[in-house]
Amino acid sequence: MNPQPARRRVVITGRGAITPIGLNVAEFWASLMAGRSGIGPITSFDASGLPVRIAGEIKGFEPTDWMERKVSRRIDRFAHYAIASTLQALEESKLTIDDDIAPRVGVLVGSGFGATLILHHSAINMVEKGFRGLTPWITAGAAIDSAAGEVALRVNAQGPSGAISTACASGTDAVGMGMRMIMYGNADVVLAGGSDNSVTSVDVGSAAMSRALSKRNDDPERASRPFDVDRDGFVVSAGAGMVVLEELEHALSRGALILAEVIGYGASTDAYHPTAPHPTGRGARQAMQAALTDAGVRPEDIDYINAHGTSTVLNDRTESQAIRTLFGEHALRIPISSTKSMTGHMIGAAGVVELMATVNAMLDGRVPPTINCDNPEDPELNYVPHKPQEHRVDVAMSNSFGFAGHNAVAVVRRWQG
């Protein structure tokens with residue numbers, strides 16, 4: 001039997017984010033530390049006929065700040081967000097993709113919903129005008145891999161590229177699979193993350209029909225309340241996040257600033273129900289254990305968990321139970337927070353943006369709070385209620401658990417040179 005090839009080490013050297021609480025990582029982090037909610041009444045379309053009229057919208061975003069107008073007109077808003085966050089990440093990384101490295105640069109963009117706005121408008125045009133009402137770009141622009149293709153085109157990335165679609169776990173899976181691509185030599189750099197423009201009439205209406213959304217229409221800033229017994233569902237949001245994953249020696253050779261090392265990734269599937277998690281948290285626990293094993297660390301090495309924490313009874317309860325079962329007594333010592341309490345649920349972007357919050361907790365020495373957690377699901381666990389807490393974080397975990405039982409977990413470590 002041939003020996004397994006040595007795993008190459010993978011580090012994060014750049015980040016970009018478009019969120020309801022900030023249009024870059026600095027704004028996003030400042031909002032988290034201030035406990036600022038991005039949830040409000042829907043303004044981008046007439047939601048008066050819907051049972052849910054609140055969401056986390058992106059405010060102040062101008063596509064032409066990031067791309068030519070003709071490009072912005074032929075692609076979906078979720079691809080706009082992916083391009084903008086990618087360019088931010090490359091700027092922070094100070095990485096230039098020239099002809100020498102382009103064949104070794106990959107792109108993976110996760111998305112749960114994809115180009116729903118283009119599809120929605122195209123369906124209306126088809127009904128009203130027939131096929132002549134369709135744009136010739138719809139086949140390319142409405143595909144779920146369109147964001148990955150547009151990012152690669154924009155930055156001249158010529159390595160492996162594509163879309164990852166595993167519902168709310170998409171962004172974390174993109175990072176995990178990007179890490180694998182670098183570890184095993186398929187690429188030296190991967191631009192990885194997720195994007196979704198989930199605040200459309202179809203997406204909000206359909207999610208409301210599944211009875212997964214909060215109906216606190218008159219109290220939007222308090223609607224997303226993970227791990228609080230008075231929660232009544234999650235709040236859907238738009239957003240995107242992209243990171244520059246880079247092979248360690250590649251990053252060191254060009255003098256890049258290393259933000260953190262990605263050391264573990266685990267995934268599993270509940271195989272239980274289309275929308276509900278397994279009631280014992282079996283799949284969540286399996287993914288967390290797989291990530292710890294992959295990282296080569298013990299449960300007691302974890303200093304912080306950025307929880308999936310959606311603000312639904314089923315998710316919050318099973319995630320807490322899974323953490324308790326896997327971490328034992330150490331679970332009582334770990335700060336566990338859900339930044340969805342402020343951002344809402346950005347679906348395909350959620351996992352990677354929450355990984356950025358996890359990295360920032362390492363760099364800043366403060367973990368973000370879970371706002372609106374007034375009456376905790378499990379009073380013995382530290383959900384970091386209301387305000388940030390100071391903690392030294394050397395090794396941390398970020399959880400993402402999606403519809404269809406998709407579970408993905410990433411483990412990151414402080415870079416110490």
With a cut-off of 3.5 Å and sequence neighbours excluded, list every side-chain donor-acceptor pair involving residues 347-357.
residue : atom : partner : partner atom : Å
Glu354  : OE1  : Lys340  : NZ           : 3.2
Glu354  : OE2  : Lys340  : NZ           : 2.8

Where [X] and [Y] come nearest, the two heavy atoms and their spacing:
X	Y	value
Ala174	Ala192	O-CB, 3.7 Å
Val236	Ser198	CG2-CB, 3.5 Å
Ser93	Arg254	OG-NH2, 2.7 Å
Gly56	Val199	O-CG2, 3.7 Å
Arg225	Asp316	O-OD2, 4.4 Å
Thr370	Ser337	OG1-CA, 3.2 Å

Looking at [X] and [Y], would you say the former's side chain and the latter's main chain have a donor-acceptor pair under 3.5 Å?
X	Y	result
Asp303	Val395	yes
Thr172	Val409	no
Ser311	Gly233	yes
Ser195	Ala240	no
Asn197	Thr200	no
Asn399	Asn306	no
Ser122	Leu119	no
Asp228	Asp374	yes
Ser320	Arg317	no
Asp76	Leu117	yes

Whether the [X] and [Y] side chains hold a donor-acceptor pair (N or O, under 3.5 Å, no angle test) is what I'd like checked.
X	Y	value
Gln286	Asp270	no
Arg211	Thr312	no
Glu57	Ser44	yes

I want to check something: taking the side chain as every heavy atom from C-beta on, are [X] and [Y] in contact at a cut-off of under 4.5 Å?
X	Y	value
Phe327	Ile334	yes
Asp294	Leu292	no
Ile336	Val384	no
Asp100	Pro103	no
Asp232	Arg216	yes
Arg366	Asn360	no
Val107	Val109	yes

Inset, instruction - Evaluate the ring planes of Phe227 and Tyr383, with Trp represented by its six-membered ring, and classify them as parallel (under 30°), tilted (30 to 60°) or perpendicular (over 60°). - result: parallel
Legend entry - Whether His308 and His345 hold their rings parallel, tilted or perpendicular, with breakpoints at 30° and 60°: perpendicular
Pair [X] + [Y]: basic N to acidic O under 4.0 Å:
X	Y	answer
Glu247	Arg9	no
Arg15	Glu92	yes
Arg392	Asp394	yes
Arg324	Glu380	yes

With a 3.5 Å cut-off and sequence neighbours excluded, list the donor-acceptor pairs that the side chains of residues 160-168 form with protein atoms.
residue : atom : partner : partner atom : Å
Ser165  : OG   : Ser111  : O            : 2.9
Thr166  : OG1  : Ser170  : N            : 3.2
Thr166  : OG1  : Asp173  : OD2          : 2.7

Legend entry - Working for side chain to side chain contact (heavy atoms under 4.5 Å, CB included), residues Ile323 and Asp378: CA-CA 11 Å; Ile323 290 171; Asp378 182 337; over 6 Å; no
Atom [atom1] of [X] with >12 non-hydrogen neighbours under 6.0 angstrom:
X	atom1	value
Glu68	CD	no
Arg73	CZ	no
Asp98	CG	yes

In a table with atom names and distances, give each donor-acceptor pair under 3.5 Å that connects a side chain of residues 17-32 to protein atoms at least two apart or in another chain.
residue : atom : partner : partner atom : Å
Thr19   : OG1  : Ile21   : N            : 3.1
Thr19   : OG1  : Gly22   : N            : 3.1
Thr19   : OG1  : Gly22   : O            : 2.9
Asn24   : OD1  : Ala26   : N            : 3.2
Asn24   : OD1  : Glu27   : N            : 2.8
Asn24   : ND2  : Glu27   : OE2          : 3.4
Glu27   : OE1  : Leu23   : N            : 2.8
Trp29   : NE1  : Asp364  : OD2          : 3.3
Ser31   : OG   : Ile21   : O            : 2.7
Ser31   : OG   : Glu27   : O            : 3.1
Ser31   : OG   : Arg36   : NH1          : 2.9

Inset, instruction - Test side chain to side chain contact (heavy atoms under 4.5 Å, CB included) on Ile118 and Ile138 and set out the steps. - result: CA-CA 7 Å; Ile118 280 185; Ile138 184 172; 4.2 Å; yes
Quick one: [atom1] on [X] to [atom2] on [Y], what's the gap to the nearest 0.5 Å?
X	Y	atom1	atom2	answer
His250	Asp188	NE2	CG	5.0 Å
Arg222	Ile54	CZ	CD1	12.5 Å
Asn382	Leu332	CG	CG	10.0 Å

Legend entry - Test side-chain hydrogen bond (donor to acceptor under 3.5 Å, both in side chains) applied to Gln389 and His391, Lys387, His386, the passing residue: His391
Inset, instruction - With salt bridge (Lys or Arg N to Asp or Glu O under 4.0 Å) as the test, would you mind laying out the steps for Arg413 and Glu261 before giving the verdict? - result: CA-CA 5 Å; Arg413 179 165 57 199; Glu261 182 175 5; 3.4 Å; yes
Legend entry - Name of the residue among Val411, Val359, Val412, Thr358 meeting side-chain contact (heavy atoms from CB on, under 4.5 Å) with Ser398: Thr358
Inset, instruction - Apply side chain to side chain contact (heavy atoms under 4.5 Å, CB included) to the pair Val11 and Leu259, showing each step before the final yes or no. - result: CA-CA 7 Å; Val11 294; Leu259 301 167; over 6 Å; no
Inset, instruction - Begin from the C-alpha positions of Glu150 and Arg74 and carry the test salt bridge (Lys or Arg N to Asp or Glu O under 4.0 Å) through to its verdict. - result: CA-CA 11 Å; Glu150 293 294 339; Arg74 68 172 167 78; 2.5 Å; yes
Inset, instruction - Please test Arg231 against Val313 for side chain to side chain contact (heavy atoms under 4.5 Å, CB included), starting from the C-alpha separation and ending with a verdict. - result: CA-CA 7 Å; Arg231 79 221 125 180; Val313 172; 3.7 Å; yes
Inset, instruction - Please find out if less than 6.0 Å separates the ring center of Phe113 from that of Phe78. - result: no
